[in-house]
Amino acid sequence: MSSSPATKPDNSDPAKHNAATLSIDGKEYLLPVRHGTVGPEVVDVSSLYNDTGLFTYDPGFASTASCDSELTFIDGENGILLHRGYPIDQLADRGTFLETCHLLLYGELPTVDQYADFQNRVTMHTMVHEQMNRMYAGFRRDAHPMAIMVGVVGALSAFYHDSTDITDPVQRDIAAIRMIAKMPTIAAMAFKYSIGQPFIYPRNDLDYSANFLQMCFAVPCEVYKADPTLARAMDRIFILHADHEQNASTSTVRLAGSSGANPFACISAGIACLWGPAHGGANEAALNMLSEIGTVDRIPEFVERAKDKDDPFRLMGFGHRVYKNYDPRAKIMQKSCHEVLDALGLKNDPTLQVALELERIALEDDYFVDKKLYPNIDFYSGITLRALGFPTTMFTVLFALARTVGWIAQWREMIEDPDQRIGRPRQLYTGPAEREYVPIDQRG
Ligand code: SDX
């Protein structure tokens with residue numbers, strides 16, 4: 001979407017700037033200001049280098065909008081998260097994950113008929129090519145499941161050549177459906193492989209999350225009975241992780257996609273980025289941290305470590321680049337955590353007690369209050385996922401499974417943006433100035 005030409009600033013309404021003026025060496029440059037539906041306006045600097053010979057500088061992109069998007073909006077100050085305008089708590093409490101997938105992909109919540117059609121399309125693509133099963137055998141049994149996910153998802157492009165032409169909207173849509181449909185199967189296979197159990201095929205008589213749980217926990221020796229409470233909790237966890245604006249892994253998918261790479265390769269790049277402990281790996285790290293703390297009486301020791309600049313320890317599951325208030329997903333995750341633990345008779349789980357007390361202490365501590373550090377989605381998810389029966393190494397895999405719909409929806413939005421071009425940031429060069437080559441026998 002092209003930016004409107006800069007006009008004389010009419011900043012009479014401070015809520016509605018239409019241009020910004022940049023003065024360099026006494027010369028003034030007008031930069032257009034663009035307005036979204038809600039949230040901060042943006043100063044369009046796309047012509048800055050051509051007009052002034054200067055770059056902007058924003059490592060970490062804390063003040064930079066990389067695109068415009070209609071998918072998700074976050075108000076970090078007020079702890080608000082909307083998907084196509086719908087608040088996350090309403091989607092999580094009243095909808096299903098596949099409804100949220102339809103909303104993110106096509107812009108609207110589905111009608112009854114649209115939902116039945118979408119659910120059927122996804123169901124019909126849950127199996128993977130039988131040849132893919134042999135890929136797992138190439139990994140050690142103790143390989144981290146995220147390593148398997150990066151490899152197997154990237155290899156999907158070797159099996160589904162009929163949905164890699166990114167210029168064909170039909171292929172873009174089938175690739176999206178395939179990704180959403182096959183991620184649970186691939187993730188469950190990674191889990192089964194790591195515990196030495198046989199792969200379990202998807203079942204078309206189960207809904208999305210119940211099917212995933214049966215592929216993870218069923219065994220050929222007995223009939224699997226899906227627990228609707230646990231399946232509902234799993235579904236809600238997927239909704240909470242579906243999309244989150246231009247986070248690190250989504251930006252990775254967009255940047256990879258901007259070169260024209262096929263969607264499967266782009267999702268694999270997103271999985272790799274999500275793996276980091278500062279991002280999606282935080283749920284695994286948070287539970288490991290809570291287990292390391294062990295008992296409530298050791299919390300003060302760790303809180304002090306988290307505040308110590310010389311100690312690399314951080315409270316995993318706390319803080320966020322955007323949320324400077326409580327992550328709305330964390331509140332829902334905490335509620336889901338209590339529901340799952342109650343359903344499983346684990347309400348006195350010692351790890352949950354440590355988490356609740358750690359949260360209470362941190363939220364009263366000036367360090368965390370001053371830096372606006374609140375629990376994020378990863379703080380309670382680990383306790384819930386462990387209660388559901390998953391090992392910590394599977395936590396980020398589940399995050400990747402859920403975020404696949406966000407990644408593929410963002411990827412498709414970028415491909416379909418008429419202004420889309422290859423992403424190619426510039427830099428501030430601070431290396432040596434030009435110098436002559438010195439032959440090795442003359443280097444002292
Ligand atoms: C996700 O972007 C997204 O939307 C991500 C995500 C999504 O859905 O895609 O929401 C998912 O990644 C959630 C975040 C999960 N990560 C963690 O829980 C890891 C712990 N959190 C931190 O690593 C950190 O808070 C980040 C990475 C999440 C945010 O990093 P920022 O915005 O770069 O903040 P920062 O590191 O500059 O911290 C600001 C200050 C620093 O102190 P000063 O240098 O200003 O003195 O706060 C401190 C930090 O030291 N700080 C923490 C802290 N997080 C930040 N101190 C102790 N414990 C923490 N967890």
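Order of listing sets the numbers, starting from 1, for every ligand and every atom in it.
- Checked by atom type, the side-chain pair Asn78/Asp75 shows a donor-acceptor distance below 3.5 Å.
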Tell me which donor-acceptor pairs under 3.5 Å the side chains of residues 142-151 have, and how far apart each pair is, sequence neighbours excluded?
residue : atom : partner : partner atom : Å
Asp142  : OD1  : Arg140  : NE           : 2.8
Asp142  : OD1  : Arg140  : NH2          : 3.3
Asp142  : OD2  : Arg140  : NH2          : 2.5
His144  : ND1  : Met146  : N            : 3.0
His144  : NE2  : Glu284  : OE1          : 3.2

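- Between the side chains of Tyr106 and Asp173, at least one donor-acceptor pair of N or O atoms lies under 3.5 Å.
- Listed by chain and residue number, His129 satisfy the ring pair (Phe, Tyr, Trp, His ring centres under 6.0 Å) test with Phe159 (two or more places apart in sequence, or in another chain).
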Within the protein, flag every N or O under 3.5 Å from an N or O of ligand 1, and note the pair and distance.
residue  : atom   : partner : partner atom : Å
ligand 1 : 4 (O)  : His244  : ND1          : 2.6
ligand 1 : 4 (O)  : His320  : NE2          : 3.2
ligand 1 : 8 (O)  : His244  : ND1          : 3.3
ligand 1 : 8 (O)  : Arg329  : NH1          : 2.7
ligand 1 : 8 (O)  : Arg403  : NH2          : 2.8
ligand 1 : 9 (O)  : Arg403  : NH1          : 2.8
ligand 1 : 10 (O) : His244  : ND1          : 3.4
ligand 1 : 10 (O) : His320  : NE2          : 2.6
ligand 1 : 10 (O) : Arg329  : NH2          : 2.9
ligand 1 : 12 (O) : His279  : O            : 3.4
ligand 1 : 12 (O) : His279  : ND1          : 3.0
ligand 1 : 16 (N) : Ala278  : O            : 3.0
ligand 1 : 18 (O) : Gly317  : N            : 2.8
ligand 1 : 18 (O) : Asn376  : ND2          : 3.0
ligand 1 : 21 (N) : Phe318  : O            : 2.9
ligand 1 : 23 (O) : Arg314  : NH1          : 3.4
ligand 1 : 32 (O) : Arg321  : NE           : 2.8
ligand 1 : 33 (O) : Arg321  : NH2          : 2.9
ligand 1 : 36 (O) : Arg314  : NH1          : 3.2
ligand 1 : 42 (O) : Lys309  : NZ           : 3.4
ligand 1 : 46 (O) : Lys309  : NZ           : 3.2
ligand 1 : 46 (O) : Lys371  : NZ           : 3.0
ligand 1 : 50 (O) : Lys309  : NZ           : 3.2
ligand 1 : 50 (O) : Arg314  : NH2          : 3.2
ligand 1 : 56 (N) : Tyr367  : OH           : 3.2
ligand 1 : 58 (N) : Leu315  : N            : 3.1
ligand 1 : 60 (N) : Leu315  : O            : 2.8
ligand 1 : 60 (N) : Phe318  : O            : 2.9

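- Defined by atom type and a distance below 3.5 Å, a donor-acceptor pair is missing between the side-chain atoms of Asp235 and Thr96.
- Evaluation of the ring pair (Phe, Tyr, Trp, His ring centres under 6.0 Å) rule for Phe399 yields His241 as partners, not counting sequence neighbours.
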